[in-house]
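Please read the structure below before turning to the comments.
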There are 2 protein chains.
Amino acid sequence: MENKTENNEAKILNAAKNIFQQKGMTGARMQEIADKAGINKALLHYYYRSKQLLFEAVFNQAFKIIAPKLGAVLNSDLPLFDKIKQFTQGYISFVIEHPYLPGFIIHELNQNPEFAQQLTKKKHFPNIQKFQKQIEQAVKMGEIKPISPNQLFVNIISLTVFPFVGAPLLKGMTNLNDAAYNDLLSSRKTEVSDFIINAIKQEK
Amino acid sequence: MENKTENNEAKILNAAKNIFQQKGMTGARMQEIADKAGINKALLHYYYRSKQLLFEAVFNQAFKIIAPKLGAVLNSDLPLFDKIKQFTQGYISFVIEHPYLPGFIIHELNQNPEFAQQLTKKKHFPNIQKFQKQIEQAVKMGEIKPISPNQLFVNIISLTVFPFVGAPLLKGMTNLNDAAYNDLLSSRKTEVSDFIINAIKQEK
DNA sequence: GTCTATAGCCAGATAGAC
DNA sequence: GTCTATCTGGCTATAGAC
């Protein structure tokens, strides 16, 4: 029966993840989550006490999945260009599997900016100092064109994440259907790093 | 008294714009909009009938403001590099004045994908065919490195828009305070186009 | 642990006086 | 046109049986 309990907790968290990520905290309904989990509302409250707490469980889990993935590559010992390649490829592949994740996190952080502050202090929050130093060094060595580490970092994240967050808009403007847009996203696994490296590499 | 009426309609729309853009359709409260407009709830319904209709008025107005701005530059007769410069500079300047606008539109489009479909057909929806042709041409002429027009377009929009949409996250990761982050955004008026042009220009 | 039934609240919408 | 008061429905949360 403990197995059953764990099953329910997992089923709820999974259903909640789906609904919250698609509709956001304010748009989600406990009834809908219960339906998706195949149980009733009372049980939701039995396991997670309140909508707010269930939401936080989902959000923290989402952040715990996505944040270390950011940090790991950036803090590795790879040369700069390899690091950029590995990061963009890995991240785009990952988000193709979890397309709602970035939009969800961004939207909820925009709703509760003070919530964002707290995250910064968590242990799994990505630290990019090493990456910033590496960029500075590469500029000094004349390996890449002069650029502020923060600007380059923002560019990398923007090129990687935005095509998912802004998918409906971009789909409309490029006039691509779903399949064609997914192809475009998939191509970006290599195209994004090519684009970035072309932008910064020092011509000989 | 007609003046008074128009004043109220405008005051409501303005208050609604603020609340909806910050909290989204599902997070917004009619009471809060009424308070911000300095009137009572009943009057909201008198002028706009329902929350849904008020929301649509706000959304359509937002889209009508932002969409032609996208299209105008892209359909001009400027040379490619000038066009990219003017577009990024103009857009970043504009969004600095309306920082919630892109996130609002993107989030609501993600909620109602069928809503996105309809937008495509509206007359003020930005048409990028001319821009796509121009990119193809520049590739053929050897003016820029080979790149798919859609990929380049997505890159331009990503670099321009995402730093606003993902501000809380990026602020946290770069460890910048509000003022410093705003400086970073402001610098992007010129930095983004430099970055893009470096990425695509053909080395001689 | 799991359910049904319901309490209690809150938000959108309307009635009706002025 | 503008207000106060109120209806109505829906949603979170809990009580209580099993």
Side-chain angles (χ1 to χ4, degrees), chain A residues 1-62 100 104 107-108 110-112 115, chain B residues 1-62 100 104 107-108 110-112 115:
Chain A
M1 21 187 151
E2 290 196 326
N3 205 350
K4 247 180 124 184
T5 291
E6 286 193 343
N7 260 339
N8 265 342
E9 254 187 76
K11 273 194 320 197
I12 291 172
L13 202 63
N14 219 45
K17 198 171 62 184
N18 270 276
I19 304 296
F20 277 132
Q21 286 186 14
Q22 282 184 54
K23 312 212 164 176
M25 166 65 179
T26 57
R29 292 292 164 255
M30 294 297 266
Q31 184 62 59
E32 207 177 352
I33 294 172
D35 291 348
K36 184 146 231 159
I39 56 167
N40 60 61
K41 271 194 300 177
L43 219 34
L44 288 188
H45 287 91
Y46 176 78
Y47 281 105
Y48 288 92
R49 195 74 197 157
S50 72
K51 184 183 183 183
Q52 180 64 32
L53 288 174
L54 177 55
F55 169 77
E56 285 171 17
V58 168
F59 184 89
N60 287 329
Q61 190 198 253
Y100 285 106
F104 169 66
H107 181 248
E108 298 302 337
N110 270 310
Q111 300 308 300
N112 324 333
F115 204 51
Chain B
M1 4 165 174
E2 290 197 327
N3 206 348
K4 248 179 127 185
T5 291
E6 285 193 342
N7 260 338
N8 265 341
E9 254 187 75
K11 272 194 320 198
I12 292 172
L13 203 63
N14 220 43
K17 198 171 63 185
N18 269 277
I19 305 295
F20 277 130
Q21 287 186 11
Q22 282 184 55
K23 313 212 164 175
M25 166 64 179
T26 57
R29 293 292 165 255
M30 294 296 266
Q31 184 62 59
E32 207 178 350
I33 294 171
D35 291 348
K36 184 145 232 162
I39 55 166
N40 60 61
K41 269 196 299 178
L43 218 36
L44 288 188
H45 287 90
Y46 176 79
Y47 281 105
Y48 288 91
R49 194 76 197 157
S50 72
K51 185 184 183 184
Q52 180 64 30
L53 287 174
L54 177 54
F55 169 77
E56 285 171 18
V58 168
F59 185 88
N60 287 329
Q61 192 198 250
Y100 285 106
F104 169 67
H107 181 249
E108 299 301 337
N110 271 310
Q111 301 307 300
N112 325 335
F115 205 51

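So you know, we letter chains A, B, ... as the sequences are listed, proteins then strands, and number each from 1.
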Of all the nucleotides listed ([options]), which has the minimum atom distance to the side chain of [X]?
X: B:I39; options: D:dC3, C:dT2, D:dA13; answer: D:dC3
X: A:R49; options: D:dA13, D:dT14, C:dA11; answer: D:dT14
X: B:K41; options: D:dA13, C:dA13, D:dT2; answer: C:dA13
X: B:Y47; options: C:dT2, D:dT12, D:dT2; answer: D:dT2

What is the separation between atom [atom1] on [X] and atom [atom2] on [N], rounded to the nearest whole Å?
X: A:K11; N: C:dG1; atom1: NZ; atom2: C1'; answer: 12 Å
X: A:L43; N: D:dA17; atom1: CG; atom2: C1'; answer: 15 Å
X: A:I12; N: D:dA13; atom1: CD1; atom2: C1'; answer: 15 Å
X: B:L44; N: D:dT2; atom1: CG; atom2: C1'; answer: 12 Å
X: A:N40; N: D:dG16; atom1: CG; atom2: C1'; answer: 14 Å
X: B:M30; N: D:dT8; atom1: CE; atom2: P; answer: 19 Å
X: B:Q52; N: C:dA11; atom1: CD; atom2: P; answer: 18 Å
X: A:R29; N: D:dG9; atom1: CZ; atom2: P; answer: 17 Å

- Mind checking A:A34 for me? I need base, sugar-phosphate or nothing, with any heavy atom below 4.0 Å counting as a touch.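 Result for A:A34 = nothing.
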N or O in side chain of [X] less than 4.0 angstrom from [N] OP1/OP2:
X: B:N8; N: D:dG1; result: no
X: A:H45; N: D:dA13; result: yes
X: A:Y46; N: C:dC3; result: no

- Query: So do the side chains of B:Y47 and B:L54 get within less than 4.5 Å of each other, counting heavy atoms only?
  - Reply: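 No; the side chains remain at least 4.5 Å from each other.
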- Message: So, taking the atom named CD in B:Q61 and the one named NZ in B:K17, what distance separates them when rounded to the nearest 0.5 Å?
- Response: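 Going from CD on B:Q61 over to NZ on B:K17, the span is 5.0 Å.
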- Item | Pair B:F20 and B:F104, ring centroids less than 6.0 Å apart |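 Not under 6.0 Å, so no.
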- Message: Strictly distance-based, threshold 3.5 Å: is any side-chain N or O of A:Q21 a donor or acceptor partner for the main-chain N or O of A:A16?
- Response: no
- In sequence, state the C-alpha distance, the side-chain angles, and the governing distance for A:R29 and A:K23, and then conclude on side chain to side chain contact (heavy atoms under 4.5 Å, CB included). CA-CA 9 Å; A:R29 292 292 164 255; A:K23 312 212 164 176; over 6 Å; no
